[in-house]
K.L.:
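The structure under discussion is supplied below as structure tokens; questions concerning it will follow.
Please read these numbers as outputs of a predicted model, since none were measured by experiment.
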Amino acid sequence: LKEENAVLRSKINKLQILSETQADKMRKLEKKLEENKIKEEKEAQDLEAMVQHVEQNLQLMTKRAAKAENSAAKLRQENAQLQAELRNSRLENEALRAGQAGLAVAKQNAEVALQHLLQVTTSSRASIRQLLSGAESLQLVADLLKSIDRIAEVSDDGQ
């Protein structure tokens, strides 16, 4: 009976040690789980903040692109007006040549119109470049938003 009690006590001690070991493992796993939850919450908050920042940048770039488009349209209109003015000046120049009267004035008018036309052309090109740059920026933001979705999917799969 004493031997049996000793054997049972030994088994009880072993079971207590095993129970304590498993309890320690359980506490460590619970702690790790809590740390992972906190880490995931922080990552989610960081990701949300990044998405909001990207959305703000996208809105800003959209406004810039719209402004550049408006500016380009105005410059095209002004360019067309100046080209019409240049044609009229050339016609007037030809008429003056035929009549031999006021040739110097017509040349001066044509030169002024040409200078205006060149200025508008230069300005139009710059606006078109700005518009293209804005479109490229919008494409970059769209690609970034796509990659954010992929990151979120990978994070969800990794859990």
Side-chain angles (χ1 to χ4, degrees), residues 20-159:
E20 288 174 8
T21 303
Q22 289 177 347
D24 284 344
K25 285 182 183 179
M26 182 108 145
R27 282 190 290 275
K28 287 177 184 177
L29 288 174
E30 287 174 347
K31 183 178 178 184
K32 190 171 184 177
L33 178 64
E34 187 62 31
E35 289 172 356
N36 285 343
K37 283 182 182 178
I38 291 170
K39 182 180 175 184
E40 286 178 10
E41 287 175 7
K42 184 181 181 329
E43 287 175 355
Q45 290 172 352
D46 290 347
L47 186 58
E48 180 64 29
M50 185 171 40
V51 168
Q52 288 177 356
H53 182 70
V54 168
E55 287 174 349
Q56 289 172 350
N57 283 344
L58 181 60
Q59 289 174 352
L60 181 62
M61 287 182 208
T62 303
K63 287 179 184 177
R64 286 181 185 168
K67 186 176 178 181
E69 287 175 6
N70 289 339
S71 177
K74 287 178 185 177
L75 290 172
R76 278 189 225 104
Q77 183 180 5
E78 187 177 339
N79 190 7
Q81 289 173 345
L82 288 173
Q83 286 177 349
E85 186 178 315
L86 179 61
R87 280 190 298 274
N88 290 339
S89 294
R90 285 181 179 163
L91 291 174
E92 182 181 331
N93 191 14
E94 290 174 11
L96 289 175
R97 280 186 192 161
Q100 293 296 324
L103 183 61
V105 172
K107 283 184 179 181
Q108 184 179 4
N109 287 342
E111 185 63 32
V112 169
L114 178 62
Q115 292 302 319
H116 283 295
L117 181 61
L118 290 174
Q119 288 174 352
V120 169
T121 302
T122 302
S123 179
S124 296
R125 285 183 179 150
S127 293
I128 289 170
R129 280 190 213 107
Q130 184 182 15
L131 178 62
L132 288 173
S133 175
E136 290 172 358
S137 296
L138 288 173
Q139 182 64 46
L140 177 65
V141 170
D143 291 342
L144 180 60
L145 286 172
K146 285 180 185 176
S147 68
I148 288 172
D149 287 342
R150 286 190 216 119
I151 290 170
E153 288 173 9
V154 169
S155 294
D156 290 343
D157 292 343
Q159 293 177 354

K.L.:
Check the pair K28, D24 against salt bridge (Lys or Arg N to Asp or Glu O under 4.0 Å), reporting the backbone distance first and the verdict last.
P.N.:
CA-CA 6 Å; K28 287 177 184 177; D24 284 344; over 6 Å; no
K.L.:
Compute whether any side-chain donor of one residue and acceptor of the other, for E111 and Q115, lie under 3.5 angstrom apart.
P.N.:
yes
K.L.:
What residue among N79, T122, V112 forms side chain to side chain contact (heavy atoms under 4.5 Å, CB included) with L117?
P.N.:
N79
K.L.:
Minimum heavy-atom separation for R27 to E20, with atom names?
P.N.:
NH2-O, 4.5 Å
K.L.:
Can you name the side chain to side chain donor-acceptor pair (under 3.5 Å) partners of K25, sequence neighbours left out?
P.N.:
none
K.L.:
Enter the distance from I148:CD1 to D143:CG here, rounded to the nearest 0.5 Å.
P.N.:
11.0 Å
K.L.:
To the nearest 0.5 Å, what is the distance between CD (Q83) and OG1 (T121)?
P.N.:
7.0 Å
K.L.:
Can you tell me how far NZ of K31 sits from CG of L33, rounded to the nearest 0.5 angstrom?
P.N.:
13.0 Å
K.L.:
Using only atom types and a distance under 3.5 Å, with no angle test, would you say the side chain of T62 pairs donor to acceptor with the backbone of L58?
P.N.:
yes
K.L.:
List the atom of S89, the atom of A110, and the distance in Å for their closest heavy-atom pair.
P.N.:
CB-CA, 4.1 Å
K.L.:
As an exercise, state the distance from OG of S124 to CD of E78, rounded to the nearest 0.5 Å.
P.N.:
7.5 Å
K.L.:
CG of N109 to CG of L86: how many Å apart, nearest 0.5 Å?
P.N.:
11.0 Å
K.L.:
On a heavy-atom basis, which atom in H116 and which in L82 lie closest, and how many Å separate them?
P.N.:
O-CD1, 3.5 Å
K.L.:
Please report the closest heavy-atom contact between S137 and M61, naming both atoms and the distance.
P.N.:
CB-SD, 3.2 Å
K.L.:
Holding to side chain to side chain donor-acceptor pair (under 3.5 Å), I want the full list of residues that pass it with N36, two or more places apart in sequence or in another chain.
P.N.:
none
K.L.:
At what distance, to the nearest 0.5 angstrom, does CZ of R76 lie from CD1 of I128?
P.N.:
5.5 Å
K.L.:
Does S71 use its side chain to pair, donor to acceptor, with the backbone of K67 at less than 3.5 Å?
P.N.:
no
K.L.:
Out of the candidates K42, E48, E43, M50, only one should pair with D46 under the side chain to side chain contact (heavy atoms under 4.5 Å, CB included) rule; please name it.
P.N.:
K42
